[in-house]
Amino acid sequence: MSSRYLVGRLGQALLVLWAAFTASFVLLQLLPGDAILIKFEGGDLGLSPQQIAEIRLAYGADEPVLLQYVHTLAGFLQGHFGYSIQRGVPVTEAILANLPATAWLTALGFAVATLLAGTIAVVSSLTGLRWLRSLLRGLPPLFVSVPVFWLGIVLIQIFSFRLKLIPVIGAGEWEGLVLPVLTLAVPISAPLAQVLIRAIDEVRTQPFVTVARAKGASSRWVLFRHVLRNALGPTLTLAGVLFGELLAGAVVTETVFGLNGIGRMTEQAVNNQDAAVLQAVVVISAAGFVLINLAVDLLYPLIDPRLRKTVGATT
Amino acid sequence: MSAPVDVSPPPLLSIEDLVVSYATAAGRTRVVHGVSLDIRAGEVVALVGESGSGKTTIGQSVIGLLPENGRIDSGTVRLNGTPISDWSQDRLDGLRGARISLVPQDPGNSLNPVRTIGAQVGEIFRIHGYRDRAEIDRRVLELLTRVGLSDPELRARQYPHELSGGMRQRVLIAIAVALKPDLIIADEPTSALDVTVQRRILDLIDDLRAETGTAVLLVTHDLGIAADRADRVVVLQHGRIQEQGAARDVLARPTQPYTRQLLADAPSLARAAQRRPRPASTPGEPAIVVEDLTVDFSVTGDRRGTFRALDRIGFSVAAGTTHALVGESGSGKTTASRTVVGFQSPTSGRVQVAGADVASLRGEALRQWRRTIQLVYQNPFASLDPRQSIRAIVEEPLLNFAPVPAADRRRRAETLLERVGLPGATFGRPPAALSGGQRQRVAIARALVLDPAILVLDEAVSALDVTVQAQILALLDELQRERGLTYLFVSHDLAVVRQIADTVSVLQQGRIVESGPVQDVFLHPLTAYTRDLIDAVPGRRLQAAE
């Protein structure tokens with residue numbers, strides 16, 4: 001891996017972040033109304049037009065758009081994400097309070113999804129039982145068509161209300177994560193499993209698999225020592241792309257299960273047009289996305305030695 | 001052991017009345033119909049036939065590695081008298097690699113691309129119960145040395161893509177002989193290799209076999225190889241044995257018409273001399289002139305590391321004749337042909353085709369010029385769009401130039417398809433419905449639809465069976481006479497070149513080491529390299545028999 005490649009990739013990453021920032025800024029500006037309007041001008045607080053004008057001035061809400069853009073961008077570059085109008089606290093503070101819960105949820109959700117997908121793919125590839133194979137291979141299409149919110153509700157119905165395994169309210173920190181993590185993991189595992197199964201099937205038709213079998217290797221040996229590593233590439237690519245799905249899933253899951261996290265915060269910010277919060281969430285998500293995909297790209301050469309050199313060998 | 005009634009021991013391998021079928025969309029299709037043959041210890045038996053004859057399927061049945069949709073319907077395979085055809089896969093695992101091993105066809109894809117050579121050779125010891133790492137490493141290096149790889153320590157640490165095709169095939173042979181099996185199934189072990197490499201690999205198999213007394217089932221479409229290497233020959237057609245016996249007898253006195261046909265179609269250096277002489281070409285502007293052509297490739301991405309693919313080569317092709325570019329892979333013959341058709345720009349030198357300087361053509365002029373020179377590729381399976389009908393494939397080039405009315409396009413495509421010998425029923429069908437030979441006819445029709453003056457044929461018959469190959473070569477010859485076409489024929493197969501070309505340039509590492517009329521170069525080669533290429537052509541025993 002040349003350092004030039006790395007520098008180029010980092011440059012691309014910064015460009016993506018800037019583009020995400022700008023696009024979200026423009027979109028938020030295009031929305032009619034704003035957070036100040038929603039929070040202070042509803043009439044409930046009984047503020048006079050003059051007081052409202054002062055608040056607008058304090059937040060800089062009526063500055064020219066270009067100036068606002070420059071200010072916000074400068075703030076982001078220095079790590080100041082502005083103030084949440086709805087919550088009345090700095091956005092940074094709100095995010096730091098909510099990030100750990102979401103980080104755990106998504107990390108565990110992703111880990112469980114990977115495990116689930118891997119198990120489905122490996123067991124269905126190894127089993128000699130035709131019915132088990134068909135059953136397992138039927139799971140991903142089923143999983144992928146299940147909406148997240150519905151799955152969450154059904155899991156609560158079954159595990160909390162019927163089986164009374166996990167209390168709905170007052171569950172322990174870890175206990176409370178079980179159902180949300182499952183809810184998040186199942187739909188993500190489906191495309192992973194599908195792609196992995198396909199890749200395994202394809203690699204299995206390669207002549208080198210026949211050669212391995214001709215050496216006397218069992219089908220398990222062949223799968224674990226020859227097929228899986230070759231089949232990992234497409235799955236890895238997809239895993240990077242699914243990170244976005246994971247964040248979207250977190251919004252729904254946190255709302256359904258009443259968890260406080262970035263997802264819930266996003267949902268509330270959208271309702272209240274809390275632009276500063278949304279702007280920060282978009283940029284942080286984009287940063288996560290860019291980092292994950294950079295990691296994926298750097299992983300490829302470790303899996304496939306053919307990618308370690310820029311120039312192909314003779315065929 | 002009880003004394004057998006028959007004094008002679010059972011043959012090492014005995015196949016009795018084998019019937020194999022595949023599950024297809026249209027139901028079960030039988031591909032092997034009651035084949036019986038024996039292989040005695042230490043014997044080399046060649047299984048010869050065209051594609052679709054069932055020869056590979058028989059090899060796969062012996063080692064228990066039929067594709068998932070394949071099944072042995074009846075018959076028995078016995079190893080030293082023990083029936084193994086009804087064994088479970090688990091039970092066969094103990095046999096495979098240890099007593100029966102495989103040398104596969106395509107060294108390019110037969111090694112796992114993500115594991116080192118050392119790991120893949122060592123694996124066969126680990127599978128069969130070796131535990132001592134140092135011992136395994138020692139055996140791996142010993143094997144790599146034995147199969148003639150230089151610097152075995154380095155090779156063991158390298159990945160398959162860092163080795164050439166010939167080196168990879170040596171690695172695969174090392175794996176096959178590692179546990180000194182009784183039988184090696186060699187499935188077209190050299191068909192993907194250059195002739196010179198081919199000969200060295202076959203010599204290596206011969207040596208190792210002689211050392212350990214291993215028997216070989218040599219599956220091949222190449223009668224020359226069968227004649228040179230086998231004790232006995234089994235000729236297969238459509239899953240049935242046509243003829244079997246000692247190699248000498250079968251090839252010198254074939255009793256079956258099919259065997260005679262195969263022998264007649266096999267390209268050979270000797271028979272080519274009977275070729276009809278070409279009408280004297282009209283003297284004038286040569287169709288292709290290459291002068292002082294040099295092509296460099298950048299290896300490291302900057303100027304420092306360049307690889308010189310072609311080094312000041314020159315040749316010219318008279319209009320209406322065939323010029324062949326021959327040489328081992330890596331000799332630059334494909335780069336030369338790509339430069340002639342304008343896909344590769346020369347680093348220096350001049351390429352003139354049909355009166356135009358190729359390097360100076362740009363944009364629309366280049367596009368129009370492409371009408372005059374067309375390509376036919378090696379692989380008829382990959383070079384046709386699987387989703388278009390045959391007719392649409394042939395019509396397509398016409399869409400790129402001055403508009404031709406639809407009815408006219410259709411007529412021109414169909415006339416050409418008929419001319420290249422395709423039945424009218426196939427015109428509306430996709431390429432998948434056609435055989436390899438028919439597909440190559442489509443590719444030729446497509447190349448001709450723009451009425452070019454020149455065809456570049458890049459290994460255009462190398463992927464075809466001998467009989468089909470002979471038909472396509474005859475077609476190319478007729479078309480050339482009819483239309484006054486000029487051919488640039490790129491091939492590693494010298495016997496084919498001998499048959500079709502008027503003049504030849506021999507390339508070695510980017511340089512032309514010898515050129516001239518085919519007769520002169522082949523009968524009186526001046527360089528050791530050319531002599532090597534000619535000597536490596538299999539089928540010496542075939543010629544001796546004639």
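Computed from a prediction, not measured in an experiment: that's the story for all the values here. Sequence lines set the chain letters: A, B, ... in the order given, protein chains first and strands last, and positions in each chain run from 1.
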Participant: Would you check if the side chain of A/K215 reaches a backbone N or O of B/F125 as a donor-acceptor pair within less than 3.5 Å?
Facilitator: no
Participant: With a 4.5 angstrom heavy-atom cut-off, could you sort out which part of B/L92 is near chain A: side chain, backbone, both or neither?
Facilitator: neither
Participant: Which residues in residues 225-238 of chain A have any heavy atom closer than 4.5 Å to a heavy atom of chain B?
Facilitator: A/R225, A/H226, A/R229, A/N230
Participant: For B/Q509, does the CD atom sit with more than 12 other heavy atoms under 6.0 Å from it, leaving out its own atoms?
Facilitator: no
Participant: In terms of heavy-atom contacts, does CD of A/E202 have more than 12 from other residues, nucleotides or ligands at under 6.0 Å?
Facilitator: no
Participant: Run the side-chain contact (heavy atoms from CB on, under 4.5 Å) test on B/L111 and A/V211 for me, step by step, so that the C-alpha distance in whole Å, both residues' side-chain angles and the decisive distance to 0.1 Å come before the verdict.
Facilitator: CA-CA 8 Å; B/L111 289 166; A/V211 169; 5.6 Å; no
Participant: Under a 3.5 Å distance rule, please check whether B/R96 uses its side chain to pair with a backbone N or O of A/R213 as donor and acceptor.
Facilitator: yes
Participant: Is the shortest side-chain heavy-atom distance between B/P113 and A/F208 below 4.5 Å?
Facilitator: yes
Participant: What's the spacing between B/Q105 CD and A/T210 OG1 if we round to 0.5 Å?
Facilitator: 11.5 Å
Participant: How close do B/D93 and A/A217 get, counting heavy atoms only, and between which atoms?
Facilitator: OD1-O, 3.5 Å
Participant: Using heavy-atom distances under 4.5 Å, tell me whether B/Q60 contacts chain A through its side chain, its backbone, both, or neither.
Facilitator: neither
Participant: For the interface with chain A, which of B/I185, B/V103, B/L102, B/L65 has the highest count of heavy-atom pairs at distances below 4.5 Å?
Facilitator: B/L65
Participant: Where do A/G216 and B/I127 come nearest, in terms of heavy atoms and distance?
Facilitator: O-CG2, 3.3 Å
Participant: Take atom CH2 in B/W87; do more than 12 heavy atoms of anything else shown fall under 6.0 Å from it?
Facilitator: yes
